[in-house]
Amino acid sequence: MLKLINRRTLAVVASITGMLLVGACDRADETATTSVETVATEMTLTGAGSSFAAPIIKHWFEVYGAGQPDVSLRYDSVGSGAGIERFLAGDVDIGATDAPLQPDEVAQADGAVLQLPVTGGMIAIAYNLPNIQGPLNLPRDVYPAIFLGEITRWDDPRIAAANPGINLPGKAIQVVARRDASGTTFAFTNHLAAISEAWAAGPGVGKRIDWPGGAMEANGNEGVAQRIQVTENAIGYVEAGFAERLGLPLAWLENRAGGLVHPNVETGRRGLADGADTPPDALTRTNPDPRGARSYPIVTYTWALIRADYDTPEQTSAVHDLVRWMLSDGQAGAESLYYVPLPENLMQAALAALDGFEH
């Protein structure tokens, strides 16, 4: 539930007793006492969940909070799984997840819940191969095999065939994956299951899975990115912006149309739109294998989870106004942080759903 913090400052002007002496006569003034009480109220809104979208959500909270002196905003980047748990338990006001809630999860909520897409982005495959120049190409039958543990060395013929002229090291591949319950893992494994029958029949799709062949594990997108950065011959999946900020090279992946595509805002936009000029406006739609020659193949939205009603009308308005701003003015800062702004039709559908939620 929304946490409302009241801070009272009591200022008391102490009794002032003055004594005036005139000649040989003493005269005592009456004691004058003044008590002044001022009340200041600060509302604290809390959010938790997706590490994938943590940089842009924290940016939103900072910018929005600067214009709302009576509102304090706090976001915990704990992963989608923990964010969902905290939201359903009523411990935070807003949950953030890269895996939309399933019907059984919605049923656990106390009251009506709305999940709205607020941003989109790319899941990159980042790697650490010292002395390798030029981009690394990974066909769509190769990178699932790496994460399945079927391809275990960098100089495997299937990797070499896609990268002529690159002197790949004869070293073991060190896979890095998420330890915590993660929407990034959900989106990544949802994609792998869509393009690999072996993956669909084996590890499957989930926020947390048992990685075949073993993997080094870390919490959060930032943890995976940092582990890749310090581990030679490593490979892992991570939100593209985290990898970019650490200077990690990102693989070019083969998409559904057979093209090799690098993750950036434009290829991510095309992937989220499924290669169409007018993208779908379904609010909880996922797209594990986008169409389109220039579509990046591993994309996801992040959803904000909110309630219809909080403890008071003021609290409800505060949460809904924040999310309305994130859906509109907040979208302007997305590209600078390597995220994809919501397309106009999806933004309008989300705003309409929020308006309808309030009546």
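Note that this is a predicted model, so its numbers are computed, not measured.
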Novice: Say whether Val238 and Ile146 are linked into one hydrophobic cluster, either directly or through other cluster members, by side-chain heavy-atom distances under 4.5 angstrom.
Specialist: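 Different clusters.
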
Novice: Just checking, Arg307 and Phe87: is the charged tip under 6.0 Å from the six-membered ring centre and within 45° of the axis?
Specialist: yes

Novice: Is any side-chain heavy atom of Phe242 closer than 4.5 Å to one of Gln226?
Specialist: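 Of all side-chain heavy-atom pairs linking Phe242 with Gln226, none is under 4.5 Å.
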
Novice: At their closest point, which heavy atom of Ile166 faces which heavy atom of Pro135, and how far apart are they?
Specialist: CD1-O, 3.4 Å

Novice: Any donor and acceptor pair, going by atom type alone, linking the side chain of Asn190 with main-chain N or O of Pro288 inside 3.5 Å?
Specialist: no

Novice: Would a hydrophobic clustering, with Ile, Leu, Val, Met, Phe, Trp and Tyr connected at side-chain separations under 4.5 Å, put Trp211 with Ile228?
Specialist: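 Different clusters.
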
Novice: Apply side-chain hydrogen bond (donor to acceptor under 3.5 Å, both in side chains) to Asn255 and list each qualifying residue two or more places apart in sequence or on a separate chain.
Specialist: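 Asn255: no side-chain hydrogen bond (donor to acceptor under 3.5 Å, both in side chains) contacts found.
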
Novice: Check the side chains of Ser51 and Asn221 for a donor-acceptor pair under 3.5 angstrom, ignoring hydrogens and angles.
Specialist: yes

Novice: Check the angle between the aromatic planes of Phe188 and Phe147 and answer parallel, tilted or perpendicular using the 30° and 60° thresholds.
Specialist: perpendicular

Novice: Hey, could you give me the CG/CG distance between Leu116 and Leu327, rounded to the nearest 0.5 Å?
Specialist: 6.0 Å

Novice: I'd like to know if Leu260 and Ile159 are part of one continuous hydrophobic network [Ile/Leu/Val/Met/Phe/Trp/Tyr, side-chain heavy atoms within less than 4.5 Å].
Specialist: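 Different clusters.
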
Novice: If the plane angle is over 60° it's perpendicular, under 30° parallel, otherwise tilted; pick one for His262 and Trp252.
Specialist: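 Tilted.
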
Novice: Between Tyr301 and Leu342, which heavy-atom pair has the shortest distance, and what is it?
Specialist: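 Heavy-atom minimum between the residues: CE2-CD2, 3.8 Å.
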
Novice: Counting neighbours of CG on Asp277 that are heavy atoms of other residues, nucleotides or ligands and sit closer than 6.0 Å, is the number greater than 12?
Specialist: no

Novice: Going by ring-ring contact (aromatic ring centres under 6.0 Å, His included), name the residues that satisfy it together with Tyr143, two or more places apart in sequence or in a different chain.
Specialist: His191

Novice: Does any part of the side chain of Pro55, heavy atoms only, come nearer than 4.5 Å to the side chain of Arg245, both counted from C-beta?
Specialist: yes

Novice: Closest approach of Thr284 and Pro100, non-hydrogen atoms and distance?
Specialist: O-CG, 3.8 Å

Novice: Apply the side chain to side chain donor-acceptor pair (under 3.5 Å) test between Arg86 and each candidate in Thr46, Asp76, Asp93, Asp91; give the one that qualifies.
Specialist: Asp76

Novice: Mark yes or no for whether Asn345, through its side chain, and Pro279, through its backbone, hold a donor-acceptor pair below 3.5 Å.
Specialist: yes

Novice: Anything under 30° is parallel, anything over 60° is perpendicular, the rest tilted; go ahead and classify Trp325 against Tyr64.
Specialist: tilted

Novice: So that I can tick it off, tell me whether Arg153 and Asp156 are bridged by a salt bridge, with the cut-off set at under 4.0 angstrom between side-chain N and carboxylate O.
Specialist: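 Salt bridge between Asp156 and Arg153, a charged N being under 4.0 Å from a carboxylate O: no.
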
Novice: Taking the side chain from Gln331 and the backbone from Met326, do they hold a donor-acceptor pair closer than 3.5 Å?
Specialist: yes

Novice: If you take the centroid of each ring, where Trp contributes its six-membered ring, are Phe186 and Trp303 closer together than 6.0 Å?
Specialist: no

Novice: Between Asn264 (side chain) and Glu266 (backbone), is there a donor-acceptor pair under 3.5 Å?
Specialist: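 Pair found, side chain donor or acceptor close to backbone of Glu266.
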
Novice: Which pair of heavy atoms, one from Ala96 and one from Thr302, lies closest together, and at what distance?
Specialist: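 Heavy atoms of Ala96 and Thr302 come nearest at CB-CG2, 4.4 Å.
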
Novice: Which pairs with one or both residues in residues 116-134 pass side chain to side chain donor-acceptor pair (under 3.5 Å), sequence neighbours excluded?
Specialist: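 Matches after skipping sequence neighbours: none remain.
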
Novice: Donor-acceptor pair, distance only, cut-off 3.5 Å: does the side chain of Thr267 make one with the backbone of Arg294?
Specialist: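 No: the side chain of Thr267 does not pair with the backbone of Arg294.
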
Novice: For residues Gln115 and Leu101, report the shortest heavy-atom separation together with the two atoms involved.
Specialist: OE1-N, 2.8 Å

Novice: Going through the checks in order, is the side-chain contact (heavy atoms from CB on, under 4.5 Å) test met by Thr185 and Lys207?
Specialist: CA-CA 5 Å; Thr185 298; Lys207 298 187 204 60; 5.6 Å; no

Novice: Would a hydrophobic clustering, with Ile, Leu, Val, Met, Phe, Trp and Tyr connected at side-chain separations under 4.5 Å, put Ile123 with Met216?
Specialist: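 They do not share one cluster, since no chain of ILVMFWY contacts under 4.5 Å joins Ile123 to Met216.
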
Novice: Determine yes or no for a side-chain-to-main-chain donor-acceptor pair under 3.5 angstrom, with Tyr237 supplying the side chain and Arg178 the backbone.
Specialist: yes

Novice: For a quick test of reading the model, state the closest non-hydrogen atom pair linking Val78 to Asp180 and the distance between them.
Specialist: O-OD2, 3.8 Å

Novice: Leu192 vs Val205, test: side-chain contact (heavy atoms from CB on, under 4.5 Å). Steps then yes/no.
Specialist: CA-CA 8 Å; Leu192 293 181; Val205 179; over 6 Å; no

